[in-house]
Amino acid sequence: QVQLEESGGGSVQAGGSLRLSCVASTYTYSRYCMGWFRQAPGKEREGVASISAGGGRTDYADSVKGRFTISRDNAKNTLYLQMNSLKPEDTAMYYCAAEDLLGFPCGERLQRFQYTYWGQGTQVTVSS
């Protein structure tokens with residue numbers, strides 16, 4: 001069982017930046033595939049970025065490529081999402097997600113069904 005807690009959301013103007021964090025409560029964090037998702041009102045939850053257990057592989061949704069960066073610090077059990085050049089369409093609740101593949105390669109993991117554990121979310125609002 002893994003508990004995930006996001007933080008770092010807030011309100012910014014278009015063009016601004018935010019850095020989200022997600023702390024995981026597990027002794028085996030370095031084994032988990034991790035991802036960031038977002039859900040805007042009335043829309044489906046969508047994958048934003050994913051990162052492999054060791055951090056060597058990252059994948060992004062086309063809508064955020066070049067603007068968002070996912071990273072992790074396994075010594076701190078923490079996942080990050082650096083968001084730059086924010087747009088009003090980035091407004092959503094952002095969730096982190098975790099999946100333990102017991103050492104198998106994570107691959108690209110941008111689909112909701114690929115994760116078992118979820119945080120409660122942190123709100124990001126971008127005004128024009």
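For N84 and S17, the side-chain atoms include at least one donor-acceptor pair closer than 3.5 Å.
The two residues S50 and Y115 have their closest heavy-atom pair at CB-OH, 3.6 Å. Across all non-hydrogen atoms, the minimal contact from G47 to A61 is O-CB, 3.4 Å. A pairwise comparison of heavy atoms in A40 and A92 identifies N-CB, 3.8 Å as the closest pair. Closest approach of S30 and A53 over heavy atoms only: O-CB, 3.3 Å. S52 approaches R72 most closely through the heavy-atom pair O-NH1, 2.8 Å. When every heavy atom of G9 is checked against every heavy atom of L20, the shortest pair comes out as N-CD2, 3.6 Å.
The six-membered or imidazole ring of F68 lies away from that of W36, with a centre-to-centre distance of 6.0 Å or more.
With values rounded to the nearest 0.5 angstrom, S11 atom OG is found 7.5 Å from Q123 atom CD.
Side-chain contact between R57 and E108: present, with at least one pair of heavy atoms (C-beta onward) separated by less than 4.5 Å. Inter-residue side-chain proximity for C33 and F104 is flagged as unmet; no heavy-atom pair is nearer than 4.5 Å. Counting heavy atoms from C-beta outward, T91 and V124 have side chains that stay 4.5 Å or more apart. Considering only heavy atoms from C-beta on, Y60 stays 4.5 Å or farther from V48 through its side chain. In this structure, the side chains of M83 and Y94 come closer than 4.5 Å at one or more pairs of heavy atoms. Two residues are said to be in side-chain contact when any heavy atoms from C-beta on lie closer than 4.5 Å; L4 and V23 fail this criterion. Residues S7 and T122 are not in side-chain contact: their nearest non-hydrogen atoms beyond the backbone lie 4.5 Å or more apart. Using a 4.5 Å cut-off on side-chain heavy atoms (C-beta onward), T116 and Q1 make no contact.
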Quiz prompt | S127/Q13 under side-chain hydrogen bond (donor to acceptor under 3.5 Å, both in side chains): CA gap, chis, key distance, verdict | solution = CA-CA 5 Å; S127 58; Q13 290 192 327; 4.9 Å; no

Quiz item: Under the side-chain contact (heavy atoms from CB on, under 4.5 Å) criterion, do L86 and L18 qualify, and how do the steps go?
Solution: CA-CA 8 Å; L86 282 161; L18 281 174; 4.2 Å; yes

Exercise. Starting from the C-alpha separation in whole Å, work towards a yes-or-no answer on side-chain contact (heavy atoms from CB on, under 4.5 Å) for L101 and R109.
Key: CA-CA 12 Å; L101 293 183; R109 303 190 76 80; 3.4 Å; yes

Exercise. Starting from the C-alpha separation in whole Å, work towards a yes-or-no answer on side-chain contact (heavy atoms from CB on, under 4.5 Å) for N77 and Y27.
Key: CA-CA 8 Å; N77 281 21; Y27 290 109; over 6 Å; no

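By the neighbour-count criterion of 12 heavy atoms within 6.0 Å, atom CD of Q3 is sparsely surrounded, having that number or fewer from other residues, nucleotides or ligands. Environment of CD in E5: sparse, with no more than 12 heavy atoms of neighbouring residues, nucleotides or ligands closer than 6.0 Å.
R19 forms a cation-pi arrangement with Y80, by the criterion of a distance under 6.0 Å to the ring centre and an angle within 45° of the ring axis.
The ring-ring contact (aromatic ring centres under 6.0 Å, His included) test with F37 is passed by exactly one of Y95, W118, F113: W118.
Looking at R38 and E46, a side-chain N of the basic residue comes within less than 4.0 Å of a carboxylate O on the acidic one, giving a salt bridge. Checked for salt-bridge contact, D90 and K87 miss the test: no charged N lies under 4.0 Å from a carboxylate O.
Remark: side-chain polar atoms of E6 are paired, donor with acceptor, to backbone N or O of G121 under 3.5 angstrom.
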